Amino acid sequence: MMSRAERTPLTDWWWTVDRGLLAALAALMVAGLVFLMGGGPPVAERIGLPTFYFLNRQAMYLAPTIGLICAVSFLSLRGIRRLALGTWLVGVALCLLAGKFGPEIKGAHRWIQFGSFGLQPSEFVKPAFVIVAAWAFSEGAQRRDMPGGFLAILLLPITIVPLLLQPDFGQTMLITLVWCALFFVAGLHLIWVAVLGVLGLTGVFAAYTFFHHVRERFNRFLDKDSGDSFQTFWSQESFRSGGWFGTGPGEGIAKRHLPDAHTDFIFSVTGEEFGVLVCLCLVALFAYIVLRGLKLARRTDDTFSRLAITGLITLFGLQACINMAVNTQLMPAKGMTLPFVSYGGSSLISLALGMGFLVALTRKRPRTTMLSQKPPGTAPATVAGVMR
């Protein structure tokens, strides 16, 4: 047990970090390994890989994931902003390169290949974008000579245009929703709520009109007989077969038919083998992390920290909700992983970056420390008033 009397960077970190949040994230990672033992082997065998290929690789990715969360959580507020800005710039550039030169996978160009290693840059853009947008909104709230609101608005099209060119409508929608949440927390006027609502509906209609795969998924969701409903059928069948208590680990049938049982449809596999009760426990764990983050955001006096925490926890919660909604047929199919549960190296490392930012921002900091990191001559922090 670390003593409060010891003054080392590690002990200072331990007594200032939110240990409840860390424990919940650790529980989610362990749960991901357990559930992947059910969803991974059938997919690996189907494509000619060793039975526990995905499980072993997921366990291997967890070491850098945990290391990155811990390393980023040591950063100061200034360090968080610098790392996020650099990551965002590089990520947007790589998204443009992926859209033009990346390999085509399922009709989209979203990956950058470095030999045998594949990277999905949009995953890293998401947490970095949240920090940079929160930074812009907070600067606009604190400094009258800083056009923070305008910069925050400009950041959105710069970020989502490369994603639309890939195309990746799901990530575009997720980033836009998180940006709207930041806009709301920053104190937008009610007139802007209506404007954003109209723009959002216009964007959805445009996506339906100009993107063939989006139109197909919407039509299939509204009318199961309008196209291939193979994944939809087996996703629903998995919950029907599992019932409240599940068929037992390794006893599921649907995972042998679902092509993405280890990624997008891991929640369905969990429902079949472990039952609806375990799925509800998993939902409760996600809910705890989201509510804990929002509670910590409410406690902080620093405008930037409050906005950034809210944005990161919204990003995390929305991604989980979208994945589970797709699995339970509450919304059209979308390739969105379940945080820390689905298999994926890029997804895990990018989530580690985002959660590292979150842990760093929610650390207990003396008020004088936060104030000393603001530019000289700034007005007292106030969220309300941005964009009014």
Side-chain angles (χ1 to χ4, degrees), residues 25-63 65 105-106 118 120 123 170 228-286 316 319-352:
L25 292 174
L28 208 51
M29 294 179 202
V30 173
L33 288 178
V34 173
F35 299 147
L36 194 58
M37 289 180 68
V43 180
E45 292 172 357
R46 194 185 306 138
I47 59 179
L49 295 172
T51 302
F52 294 105
Y53 174 83
F54 294 115
L55 178 65
N56 292 335
R57 286 182 67 87
Q58 186 84 341
M60 180 184 71
Y61 284 130
L62 279 182
T65 295
I105 300 175
K106 296 182 179 180
Q120 189 174 359
E123 292 286 349
D228 181 14
S229 58
F230 180 79
Q231 290 193 127
T232 301
F233 170 79
W234 283 108
S235 177
Q236 291 178 327
E237 184 63 27
S238 64
F239 289 103
R240 281 195 293 264
S241 174
W244 285 101
F245 303 103
T247 58
E251 300 298 322
I253 301 299
K255 64 185 181 182
R256 304 187 184 281
H257 302 276
L258 287 167
D260 299 314
H262 61 316
T263 53
D264 299 348
F265 289 92
I266 190 75
F267 191 66
S268 296
V269 175
T270 302
E272 182 177 24
E273 298 194 350
F274 294 90
V276 173
L277 287 178
V278 171
C279 287
L280 291 176
C281 291
L282 187 60
V283 172
L285 185 56
F286 279 110
F316 179 84
Q319 182 168 334
C321 285
I322 290 172
N323 177 276
M324 292 185 285
V326 168
N327 277 252
T328 52
Q329 303 307 309
L330 295 176
M331 66 179 296
K334 178 64 204 83
M336 196 80 68
T337 58
L338 189 59
F340 292 115
V341 177
S342 296
Y343 168 79
S346 292
S347 175
L348 267 182
I349 301 302
S350 67
L351 284 165

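Just so you know, these numbers come straight off a predicted model, no measurement behind them.
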### Message
I need the Arg57 CZ to Leu348 CG distance, nearest 0.5 Å.
### Response
11.5 Å
## Note on the structure
With Phe274 as partner, the option from Leu277, Val276, Val278 fulfilling side-chain contact (heavy atoms from CB on, under 4.5 Å) is Val278
## Note on the structure
Nearest heavy-atom contact between Ser346 and Glu123 is O-CB, 4.1 Å
### Message
Give me each pair satisfying salt bridge (Lys or Arg N to Asp or Glu O under 4.0 Å) with a member in residues 337-350, each pair once, sequence neighbours excluded.
### Response
none
### Residue pair Val326, Met336: steps toward the side-chain contact (heavy atoms from CB on, under 4.5 Å) verdict
CA-CA 9 Å; Val326 168; Met336 196 80 68; over 6 Å; no
### Query
Can you check whether Gly345's main-chain N or O pairs, donor with acceptor, with Gln120's side chain at less than 3.5 Å?
no
### Task
Using the ring-ring contact (aromatic ring centres under 6.0 Å, His included) rule, collect all pairs that involve residues 321-352, keeping only residues at least two apart or in two chains.
Phe54-Tyr343, His262-Tyr343
## Note on the structure
By side-chain hydrogen bond (donor to acceptor under 3.5 Å, both in side chains), Thr337 pairs with (sequence neighbours left out) Gln319, Ser347
### Query
Can you tell me how far CG of Leu28 sits from CG of Leu285, rounded to the nearest 0.5 angstrom?
5.0 Å
### Query
CD1/Ile266 to CG/Leu282 distance, rounded to the nearest 0.5 angstrom?
10.0 Å
### Query
What are the two closest heavy atoms between Ala44 and Pro50, and how far apart are they?
CB-O, 3.2 Å
#### Entry: Results of ring pair (Phe, Tyr, Trp, His ring centres under 6.0 Å) for Phe316 - residues two or more places apart only
Phe286
#### Entry: Qualifying salt bridge (Lys or Arg N to Asp or Glu O under 4.0 Å) pairs, either residue in residues 269-283, two or more places apart
Lys255-Glu273
### Query
Which heavy atom in Phe239 sits nearest to a heavy atom in Ser268, and how many Å separate them?
CE1-OG, 3.6 Å
### Task
Before giving the answer on side-chain contact (heavy atoms from CB on, under 4.5 Å), spell out for Leu338 and Asn327 the whole-Å C-alpha distance, their side-chain angles and the decisive distance to 0.1 Å.
CA-CA 10 Å; Leu338 189 59; Asn327 277 252; over 6 Å; no
## Note on the structure
Taking every heavy atom of Pro42 against every heavy atom of Gly38, the minimum-distance pair comes out as CD-O, 3.5 Å
### Query
Atom CG of Leu25 and atom CG of Leu351: how far apart are they, to the nearest 0.5 Å?
9.5 Å
### Nearest-0.5 Å distance that lies between atom OG1 in Thr328 and atom CG in Asn323
9.0 Å
### Task
Drop me the distance from Leu55's CG to Phe35's CZ, to the nearest 0.5 angstrom.
13.0 Å
### Query
Looking at residues at least two apart in the chain, or sitting in another chain, which of them share a side-chain hydrogen bond (donor to acceptor under 3.5 Å, both in side chains) with Thr51?
Glu45
